[in-house]
Q: 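Provided herewith is a single structure, encoded as structure tokens, for subsequent inquiry.
In what follows, every chain begins at residue 1, and chains take the letters A, B, ... in the order their sequences are listed. Source: prediction; values computed, not measured.
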Amino acid sequence: MMKILVCIDDTDNLESRGTGDLATELAEELEKRGWGRSRFVTRHQLLVHPDVPYTSHNSSMCFEADIDSCFLQPLIDYAGEYLERESASGSDPGLCVTVLERLAEPEAMVAFGRSAKEVVLNKQMAYDLAAKLGVHLSEHGGTGQGVVGALAGVGLRMSGNDGRMKGWLNICTDNGLARVGEILAQSSLHGVRTMDGEVLGHEEVIAIADKPKAVLVDGGTYLMVSPVDNADGVRWRTTPRQQLKRF
Amino acid sequence: MWQSNKRGERAFRHGQEAFSLAAAQARTCHKFCPDVEDEWVTDEERSCYNCLLRRWTVTSFLCMATI
């Protein structure tokens, strides 16, 4: 088995399904075909700049999977055809598939991802780095500009400190409250963590807002919480989305 | 609330963290259409910041709805 990261970018327009839905379908199809096991999809925010073409937000979607090496090329072929078939009119889809144990310079990949949040990168830069590192990178329609975000998304997921999990956590609560231990038992999260980096113990009680999001921090998936002054003695609540922008 | 840019597009004048104003604006907008949940940036669903028809800029967003 080999561990891979698959990232897609620039597949949508204002009327179409989001890139996250396509990433989810790819991850599910991989399992349906018996090629391996896939994990959660993460969303990675890239630079918003007048010189960067994007639909409305410029984000890419990435997932990790364990597959048998014999299914690597079939997966790449399928994903490329899938993007050509399912991407929206006017989009510029890109696909990146990275075999982690074959990656020559992981730090270069992470650096590219971080750069894509700060400066304008172009397709040639992305293709040059992908060729140097032995990473699959391909375009599947339009200008193919999505290769930049696809490569960057893999780098950001590898960093372990960027991105929000697609979807939200379904947590059963007692009147909107749940202990950390109960939250962890109902999810695949690594922990519940404050914005200051403190990982909370299992007995702490959290006020859970609607549709709570998990983020990727220090290589793990965490539900972020913020302090709250509450007469009921509840000390923590899930961090509002508007404070999760840095992820 | 809005100002027109050089291309005649409507730019939100209050930046990316005027959460109350963006929610109030969306409540009165007939074109509001929520973006996919993964692109929401505020817990209050009905907000211009969560609208499919907003296009983020460096400092704020453009409203792409034809009013």
Side-chain angles (χ1 to χ4, degrees), chain A residues 11-24 40-62 88 117-118 120 163-170 207-215 226 237-247, chain B:
Chain A
T11 72
D12 59 357
N13 64 26
L14 285 179
E15 286 86 38
S16 73
R17 294 189 293 162
T19 302
D21 285 352
L22 269 54
T24 300
F40 58 90
V41 174
T42 45
R43 173 202 182 274
H44 300 275
Q45 179 66 53
L46 306 172
L47 181 69
V48 170
H49 186 278
D51 294 340
V52 179
Y54 58 93
T55 309
S56 66
H57 27 65
N58 199 28
S59 59
S60 60
M61 294 284 182
C62 186
K117 294 175 83 76
E118 293 169 1
V120 179
R164 304 190 301 222
M165 284 174 75
K166 177 172 166 47
W168 62 86
L169 300 166
N170 281 309
I208 308 287
D210 191 34
K211 298 185 174 69
K213 298 290 284 187
V215 301
S226 300
R237 62 169 178 158
T238 48
T239 300
R241 278 178 198 242
Q242 43 267 46
Q243 292 170 31
L244 295 178
K245 276 179 81 174
R246 69 180 168 95
F247 299 101
Chain B
M1 193 78 79
W2 305 96
Q3 64 187 18
S4 290
N5 65 16
K6 290 174 189 167
R7 288 184 294 206
E9 297 163 322
R10 294 196 320 141
F12 187 60
R13 289 174 54 205
H14 306 281
Q16 299 180 349
E17 296 190 355
F19 296 101
S20 299
L21 283 174
Q25 185 66 31
R27 279 196 291 273
T28 63
C29 178
H30 299 300
K31 298 290 178 71
F32 174 79
C33 177
D35 200 350
V36 293
E37 178 272 338
D38 294 299
E39 301 298 343
W40 293 3
V41 298
T42 173
D43 287 332
E44 188 162 4
E45 175 176 342
R46 195 167 182 114
S47 165
C48 291
Y49 291 150
N50 291 344
C51 181
L52 181 66
L53 299 174
R54 54 92 175 89
R55 188 175 195 276
W56 292 112
T57 62
V58 175
T59 56
S60 185
F61 70 88
L62 303 174
C63 174
M64 309 305 281
T66 49
I67 304 293

Q: Output, in order, the C-alpha distance, side-chain angles, deciding distance and verdict of salt bridge (Lys or Arg N to Asp or Glu O under 4.0 Å) for A:R241 and B:E37.
A: CA-CA 11 Å; A:R241 278 178 198 242; B:E37 178 272 338; 2.7 Å; yes

Q: Distance from B:T57 atom OG1 to A:H49 atom NE2, nearest 0.5 Å?
A: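 B:T57 atom OG1 to A:H49 atom NE2 measures 11.5 Å (nearest 0.5 Å).
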
Q: So, taking the atom named CD in B:E44 and the one named CG in A:D210, what distance separates them when rounded to the nearest 0.5 Å?
A: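 The CG atom of A:D210 is 12.0 Å from CD of B:E44, to the nearest 0.5 Å.
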
Q: What closest approach, in Å, do A:P50 and B:V58 show between heavy atoms, and which atom pair accounts for it?
A: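 In this case the closest contact between A:P50 and B:V58 is CD-CG2, 4.0 Å.
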
Q: Between A:R43 and B:E39, what is the shortest heavy-atom contact and its length?
A: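 Heavy-atom minimum between the residues: NH2-OE1, 2.6 Å.
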
Q: Let me know if A:M61 has heavy atoms under 4.5 Å from chain B in its side chain, its backbone, both or neither.
A: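 Contact with chain B involves the side chain of A:M61 alone.
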
Q: Return the option, out of A:K166, A:R164, A:R17, with the maximum number of heavy-atom pairs under 4.5 Å with chain B.
A: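 Heavy-atom pairs under 4.5 Å are most numerous for A:K166.
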
Q: Does B:D43 come within less than 4.0 Å of A:K211, counting only side-chain N to carboxylate O?
A: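 Salt bridge absent between B:D43 and A:K211.
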
Q: Taking CD in B:E9 as the centre, count heavy atoms belonging to other residues, nucleotides or ligands within less than 6.0 Å. Is the count above 12?
A: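 Enclosed: over 12 neighbouring heavy atoms sit under 6.0 Å from CD of B:E9.
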
Q: If I take atom NE2 from residue A:H57 and atom CG from residue B:L52, how far apart are they, to the nearest 0.5 angstrom?
A: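 Going from NE2 on A:H57 over to CG on B:L52, the span is 7.5 Å.
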
Q: With chain A as the partner, which of B:D35, B:L53, B:D38 has the greatest number of non-hydrogen pairs under 4.5 Å?
A: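 Most pairs with chain A among the choices: B:D38.
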
